[in-house]
Protein chains: 2
Amino acid sequence: MSHTYEYPRPALTVDCVVFGFDGAGLKVVLIRRGLEPFKDAWALPGGFVQMEENLEDAARRELREETSLKNVFLEQLQTFGTVGRDPRGRVVSVAYVALVRPDKHPAKGDTDASEAAWFPLSELPPLAFDHDEILRVARERLRGKLRWQPLGFELLPEKFTLGQLQALYEAVLGTSLDKRNFRKKLLPYDFIVPLEQFTSGQHRPARLHRFDRHRYEALSRGGFHFEI
Amino acid sequence: MSHTYEYPRPALTVDCVVFGFDGAGLKVVLIRRGLEPFKDAWALPGGFVQMEENLEDAARRELREETSLKNVFLEQLQTFGTVGRDPRGRVVSVAYVALVRPDKHPAKGDTDASEAAWFPLSELPPLAFDHDEILRVARERLRGKLRWQPLGFELLPEKFTLGQLQALYEAVLGTSLDKRNFRKKLLPYDFIVPLEQFTSGQHRPARLHRFDRHRYEALSRGGFHFEI
DNA sequence: GCAAAAGTGTTTATGTTACACCCATGT
DNA sequence: ACATGGGTGTAACATAAACACTTTTGC
């Protein structure tokens with residue numbers, strides 16, 4: 001070990017923006033902080049990176065500890081390091097975006113966090129630190145990515161209707177889409193596979209579909225181009 | 001200050017992938033390391049983040065110190081934090097991408113680095129640390145972004161010919177493009193402004209153009225969509 | 001029978017691709 | 001005169017956008 005350890009260094013945290021979709025709108029997981037600073041305020045789940053821990057592992061650990069979520073889609077977003085973003089001193093945070101299916105994941109607090117809950121993006125409480133900013137960047141990223149990558153499937157149940165898929169796109173993109181054109185665009189790629197199962201309920205049953213990840217990856221390798 | 005300082009923490013660095021374009025191919029700035037580890041190996045310019053220094057400021061400072069580059073386009077790329085990526089111990093690096101016009105920027109070493117030089121992407125030496133990986137991600141990002149954003153203008157002189165612009169796109173995307181279709185696609189947006197100046201040289205003079213940043217930003221705000 | 005969501009095709013407009021020749025200059 | 005890169009248009013094709021009615025179910 002050379003001069004690497006000779007001077008003070010920032011603290012390093014990870015923060016996770018966990019998106020979910022309930023059929024109507026996008027939601028995000030927040031935890032109520034149990035400690036100062038910002039005690040009792042809502043914040044993104046996250047915490048300090050351990051010395052021998054990869055960044056993504058730290059993000060997954062914090063998610064597990066604070067929200068009981070595991071095996072979720074997780075991707076690095078951006079690193080936030082403005083001096084003064086944390087009143088405790090210099091803290092640099094590597095932010096991650098996670099996508100989960102709320103039906104599979106109840107989002108209950110476990111250890112550190114006294115409470116964890118889903119919030120609709122339209123009804124957010126004030127957030128601790130610069131977490132509004134992190135969340136804003138995360139929303140932009142999600143909107144940008146959804147158009148070129150079929151991320152939607154990380155947010156929907158394994159079997160879903162085309163109506164649900166479209167509602168998700170509409171919620172993320174903030175626009176309304178034409179039902180026929182939406183299907184015409186997606187279905188020919190054949191990574192959305194129709195099943196012989198249908199929903200039941202008050203209305204006409206809708207056909208269920210599943211996402212064919214292998215088919216999608218094969219297409220991707222061929223350098224295909226897909227845009228909603 | 002609470003428990004923030006109670007345990008050991010990773011060291012934090014910034015590393016910069018500086019791209020330039022010389023009319024023929026993409027180049028990147030490397031510095032020859034003067035210290036262990038990887039003494040005398042080539043590496044990306046970068047260094048430790050100071051305690052009261054914003055991340056981007058640290059990146060700009062290191063660029064200035066190691067390569068004399070200033071006032072360049074700079075954007076955060078991704079954070080690399082795999083345990084073991086630095087033999088000195090746990091070092092997490094926030095990587096940045098910079099775009100510069102090589103004509104304006106000679107890239108001479110200044111302080112820390114004994115040497116700084118431009119390397120064509122096709123003739124790279126072995127790099128220190130995980131800098132190959134960082135560079136790989138940077139190239140991908142550049143390729144991805146160039147198609148939706150007119151980044152090209154950061155890499156070309158203020159006044160440029162359409163031939164130069166096309167050569168740049170071809171170098172970054174790794175494809176060849178049709179001259180007529182390329183112009184037909186870009187010019188109607190009117191953010192490339194023809195000038196009444198022409199090159200001189202061995203061949204027919206080419207009209208010079210400039211990038212109209214305001215026009216581009218006005219278009220962007222209108223949510224326009226541009227793709228090569 | 002009515003309310004509510006599912007499902008389905010065609011036409012028109014727009015954008016993309018492919019393609020070949022003449023022009024201006026320096027040597 | 002020739003070598004070199006600059007500059008220009010059109011037709012075929014593919015993709016995107018606009019648009020309305022019928023079906024099935026639960027109540």
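Per chain, numbering begins at 1; letters A, B, ... match sequence-line order.
- Comparing D:dC19, C:dG7, C:dA24 against the side chain of A:Arg183 picks out C:dG7 as the nearest.
- In this structure, B:Glu227 atom CD and D:dA14 atom P are separated by 18 Å, rounded to whole Å.
- No N or O donor and acceptor, one from the side chain of A:Lys184 and one from the base of C:dT8, sit under 3.5 Å apart.
- Taking atom CG of A:Asp178 as the reference point, atom C1' of D:dA20 lies 11 Å away to the nearest angstrom.
- Residue A:Lys179 is classed as a base contact, given a heavy-atom separation below 4.0 Å to a base.
- Look at CG on A:Leu208: it is 14 Å from C1' on C:dA5, rounded to the nearest Å.
- Protein atom CZ of B:Phe160 is 14 Å distant from nucleotide atom P of D:dG6, rounded to whole Å.
- For A:His203 against D:dT25, a side-chain-to-base donor-acceptor contact under 3.5 Å is absent.
- Between B:Glu133 and B:Arg136, at least one side-chain N (NZ, or NE/NH1/NH2) sits under 4.0 Å from a carboxylate O, which counts as a salt bridge.
- Computed from coordinates, the A:Arg147 CZ to D:dA16 C1' distance equals 13 Å when rounded to whole Å.
- Checked for salt-bridge contact, A:Asp40 and A:Arg32 miss the test: no charged N lies under 4.0 Å from a carboxylate O.
- Summarising the geometry, the separation between CD on A:Gln202 and C1' on C:dA6 is reported as 14 Å, rounded to the nearest angstrom.
- A donor-acceptor pair under 3.5 Å is formed between the side chain of B:Thr161 and the backbone N or O of B:Gln164.
- The interatomic distance linking B:Phe224 (CZ) with C:dG15 (P) rounds to 13 Å, in whole Å.
- Both A:Gly201 and A:Lys185 sit near DNA chain D, but only A:Lys185 has its closest nucleotide nearer the 5' end.
- Contact of A:Arg180 with D:dA17 (side chain to base): no donor-acceptor pair of N or O atoms is detected under 3.5 Å.
- Side-chain N/O atoms of A:Gln197 and A:Lys159 include a donor and acceptor closer than 3.5 Å.
- At a threshold of 4.0 Å, the pair B:Glu217-B:Arg213 does not count as salt-bridged, since none of the basic side-chain nitrogens sits closer than that to a carboxylate oxygen.
- Between the CG atom of A:Asn181 and the P atom of D:dA14 there is a distance of 19 Å, given to the nearest Å.
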